[in-house]
Each structure stands twice: as C-alpha cells, then as structure tokens.
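The structure appears below as structure tokens.
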Amino acid sequence: MASGAASRSEDEESLAGQKRASSQALGTIPKRRSSSRFIKRKKFDDELVESSLAKSSTRAKGASGVEPGRYSGSEPSSSEKKKVSKAPSTPVPPSPAPAPGLTKRVKKSKQPLQVTKDLGRWKPADDLLLINAVLQTNDLTSVHLGVKFSCRFTLREVQERWYALLYDPVISKLACQAMRQLHPEAIAAIQSKALFSKAEEQLLSKVGSTSQPTLETFQDLLHRHPDAFYLARTAKSLQAHWQLMKQYYLLEDQTVQPLPKGDQVLNFSDAEDLIDDSKLKDMRDEVLEHELTVADRRQKREIRQLEQELHKWQVLVDSITGMSSPDFDNQTLAVLRGRMVRYLMRSREITLGRATKDNQIDVDLSLEGPAWKISRKQGVIKLKNNGDFFIANEGRRPIYIDGRPVLCGSKWRLSNNSVVEIASLRFVFLINQDLIALIRAEAAKIIPQ
C-alpha cells in the first residue's frame, strides 16, 4: 500500500511538472483560483497603518492604470508573496482601462433645472421686450434704437439674440420657460413699453394738432380700431404718444419749415460776425432803476431795525443757552450755570439731584442733559454766615470740584468760577460778590456785639 501511494504521488508530481513546463513554453501563467468573497478578520496595529498607506497609494495611482482595490483590505499573505516571487518575469500585457461610465455611476441631481442659467446678459424681461417690439415694428434696427433693455446691447447682439430665439431650440426653450415664470405685473409693465407700430401712429396722426383731445377721444379711438392697437394700449398712453408726435411735428396737419435753398447755410459763427456790438449795450431803464432804488432803501431800513432789536433777541438767546454773564439781582446769591440752563440760588440752602414724581428738589439736573446716573438727592449747597459756600455730596457717585473728587458724605468749599461736574454734566458756580460782601459786613457787625 505504501509503495502504491508513493508511486501515485510520483506520477502526480511528474504530471504537474509537465504542465508547468508546457505553460512556461507557451509563456502563460496558470490562473489561480480565488474566492471573490472578502473575509473580515481583526487587524493588528501594524496592518492598520500599512493598509491605510496602501489605500492612499492605490488611490493616487488609480489614474495611471494601476488596478484599484488590488489590496483593498490587508497585506497579501506570505504564500502569495512566494508564488509571486517564483513566477517567471515574463511581461504581462496591460489590461484595457475600463470606461469611466462602467466603474462609477453618476447620480442624477434631483434639483430643479435652473431656467435662467446660461442665459447670459439677456434676461427674461429683455426677451419679452424684444419679441413684442419685433412683432410691432418688424425692424431690428428700430428695436435697437427704440427699446431700452436692461443692458446696452449692440445691433449685432440684438440680431443674434433674435435669430437664437427663432432657430436655437435650447435657447428658445430656456427663454420660454423663464418668460413663463415672470410675474403678471412685470409682464404688464413690459407690455406697456411696447413700441408703436406704423398703423398706430397713422391713426394717431389723424387727430388734429389744433384740437384739444381728451382721454375720451383716445378711448373712442381704441373702441373704433381694436385690431390696429396693441392689447396693452390705454387712453392715457395714446394721449402721451400723441403729444410726443405733436412736439416733433409728426401729425398730418403739421408742416415743417424747409431748409433754406442754396449752398451757403448760415451757421453760428457767421451769425456772430453779423452782430453789431454797439447795439448790444444796455439801454437805461428809468423805471427799473427806480424800483431797484426803492428795494435797496427798504432792505437797509429792515437791517437797521434788526440791529436796533438785536439786544432783545440776545436776551432771549442767553436765557435759552445760559452762556451770557449772569445779571445778579438783589435776591440771587449765586448762579449754577450749565450749557443749556441756568439755576439761580436765592436761598441759603438748595438741593441738587434728579426730580421724580415722589421727590421734588430745588435744582433738577435732568433739564441740563442725561441724568439717569445722578441720584435723586445728589448734593446740597449751603451758604455759611461768613459768606462761604459749601457743597456736600449725598449721592452714590462722586462730585468733582475743579477736578477734585468729593465722595459721598464729604463736603468742599465753592469759590467763584468753580467747575462742578456731576455724572458728565458740567456747571460753573458764579457768586454775587456784591450781595455776599453785604452779608459778610452784617455778619462782622453782629459778631462784636
């Protein structure tokens, strides 16, 4: 049995050697059977790194003819490496590259067709204007001169667009779809701009230039000739076009003066040479000179009267702005002057702050400007018996006197022309020196007694 099995294995090896020799002689490599199924197995760390590198390299070489997906998963096994190394180095003919349509299927986009795409400078409104104008005039030159498009097109561009709308099925289809999507109001506005045809102008020219036609006249003209006029014509548009025709002498009963016959036509320079400069001197007009003299005298009288009333207006302006020097009276001890208003101190003690419904104070600082940062009772100004003024801060924010901060609970002496700043509002404290001198004199008399 053992000898039979050995002889059978030797016969198989000899047959395999003969097949291998015959295949080498023919220059072909026997095709190895392999399964197309992909067996998933866990990868080691080194295989993960190498497989990612292999994927990137195959993706980069895919365009140059290398078959992508040769090593889609892990590295080839050691047995496969040995078989490849033992294979003869005969050149293998390159396989034809598959068509791009077979390898990848391009997904059709489900987005709607962009109708206005590839229309260029021509918009749907321009196409509708062009079609209406050509149907009215049957002349592309008149259309180019009379229609105002969204862009400035040349005559050649207008001709090419008209021929494209007629004979190019793609452009015609796109333009029709775009025009159907226009708003009805936009379509009505475009139709109202349609050019007048020769038949329409001929009917309008029959209306006399000396007559005074009304809207009823043109409405009756529309009713009598419905086929001749465009569907968007109104009595008002007919009247406007008739007035334009009358202005340019295009009516039937109007005539244009012919040019003078002859070769020499008078131009501007010749007419200028014929003018006599001595006749161009202004003639004296006594009536006009008298009127100018009277008007000059009246204006001077008004200026003189305004100059006399200037001091009255100055008082009013100063009372509003508070920028003038204060006129102290016998009752005003001091003045707290701001940019807009002026506060008079007529008692020995006044309170400063922000007035509310429940809190009434002597000096409302909100009249000067924004006072939302000022406390309702910000401070108190007192006059001592010796004639000195002191300000006490009773609010949360500091009061600055000549740049020095006075905190809550503190007080500071005020002198003449002291600058008081409270929450970005600035005031100048002015003292009635005459009245304060009298107070000090009375205080001096009382002290010795």
Side-chain angles (χ1 to χ4, degrees), residues 63 99-101 104-205 207 215 218-219 221-222 225-251 256:
K104 292 184 180 179
R105 293 182 180 178
V106 180
K107 293 184 180 180
K108 294 183 179 179
S109 61
K110 296 182 181 180
Q111 297 179 355
L113 179 63
Q114 297 290 336
V115 177
T116 58
K117 189 177 180 181
D118 297 333
L119 288 182
R121 297 165 58 200
W122 287 89
K123 297 180 180 179
D126 296 332
D127 292 334
L128 189 57
L129 273 173
L130 177 61
I131 293 171
N132 291 338
V134 172
L135 292 177
Q136 285 292 105
T137 60
N138 296 326
D139 185 11
L140 290 176
T141 306
S142 302
V143 172
H144 173 254
L145 296 176
V147 177
K148 185 178 181 181
F149 295 103
S150 62
C151 298
R152 184 172 293 179
F153 298 109
T154 61
L155 178 59
R156 183 176 181 82
E157 289 176 342
V158 173
Q159 292 174 350
E160 290 177 354
R161 185 61 180 180
W162 175 249
Y163 297 148
L165 291 175
L166 286 178
Y167 304 115
D168 194 333
V170 177
I171 295 179
S172 178
K173 182 179 179 181
L174 290 174
C176 290
Q177 291 178 359
M179 285 187 288
R180 290 193 192 99
Q181 292 182 358
L182 288 174
H183 196 270
E185 294 182 358
I187 295 176
I190 293 170
Q191 289 178 349
S192 63
K193 298 177 183 178
L195 297 179
F196 279 77
S197 62
K198 293 182 179 179
E200 292 175 334
E201 290 184 346
Q202 187 175 3
L203 291 173
L204 288 175
S205 64
V207 180
L215 290 177
F218 295 102
Q219 190 66 36
L221 192 63
L222 277 174
H225 305 280
D227 299 333
F229 289 102
Y230 186 59
L231 56 94
R233 299 288 184 237
T234 59
K236 193 171 182 180
S237 63
L238 294 182
Q239 185 181 20
H241 194 73
W242 177 83
Q243 292 175 353
L244 192 63
M245 294 177 64
K246 179 182 177 182
Q247 180 182 354
Y248 290 101
Y249 294 91
L250 298 177
L251 302 179
V256 182

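- In terms of heavy atoms, Leu203 sits closest to Leu221 at O-CD2, 4.3 Å.
- Below 30°, between 30° and 60°, or above 60°: for Tyr167 and Tyr163 the angle between ring planes is between 30° and 60°, a tilted geometry.
- Residues Leu204 and Leu251 come closest through the heavy atom pair O-CD2, 4.0 Å.
- Atom CZ in Arg121 sits 10.5 Å away from atom CZ in Arg152 (nearest 0.5 Å).
- Under the rule for a side chain to side chain donor-acceptor pair (under 3.5 Å), His225 has no partner lying at least two apart in sequence or in another chain.
- Around CD of Glu185, the count of heavy atoms belonging to other residues, nucleotides or ligands within 6.0 Å does not exceed 12.
- Among pairs with a residue in residues 186-198, none fulfils side-chain hydrogen bond (donor to acceptor under 3.5 Å, both in side chains), at least two apart in sequence or across chains.
- Looking at Tyr230 and Leu135, their side chains never come closer than 4.5 Å, going by heavy atoms from C-beta outward.
- Listed here is the closest heavy atom pair of Leu250 and Ser205: O-CB, 3.9 Å.
- Cation-pi geometry between Arg233 and Phe218 is not met: the NZ or CZ atom fails to fall both under 6.0 Å from the ring centre and inside 45° of the normal.
- Nearest approach of Phe149 to Asp126, heavy atoms of both residues: CE2-O, 3.6 Å.
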side-chain hydrogen bond (donor to acceptor under 3.5 Å, both in side chains) assessment of His144 paired with Gln159: CA-CA 9 Å; His144 173 254; Gln159 292 174 350; over 6 Å; no
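- Here Leu128 contributes atom CG and Ile190 contributes atom CD1; the two are 4.5 Å apart, rounded to the nearest 0.5 Å.
- Once rounded to the nearest 0.5 Å, the distance linking CD of Gln239 with CG of Leu215 reads 4.5 Å.
- The structure places NZ of Lys123 at 4.5 Å from OG of Ser150, a figure rounded to the nearest 0.5 Å.
- Contact check on Arg161 versus Glu157 returns no salt bridge, with no Lys/Arg side-chain nitrogen under 4.0 Å from an Asp/Glu carboxylate oxygen.
- Between Thr137 and Val143 the shortest side-chain heavy-atom distance falls below 4.5 Å.
- Between Val158 and Trp122, the shortest heavy-atom distance links the atoms CA-CZ2, 4.1 Å.
- Rounded to the nearest 0.5 angstrom, Ile131 CD1 and Gln136 CD are separated by 13.0 Å.
- Across all non-hydrogen atoms, the minimal contact from Glu200 to Ala228 is CG-O, 3.4 Å.
- One distance of note links CG of Leu155 with CD of Glu160; it measures 10.0 Å at 0.5 Å rounding.
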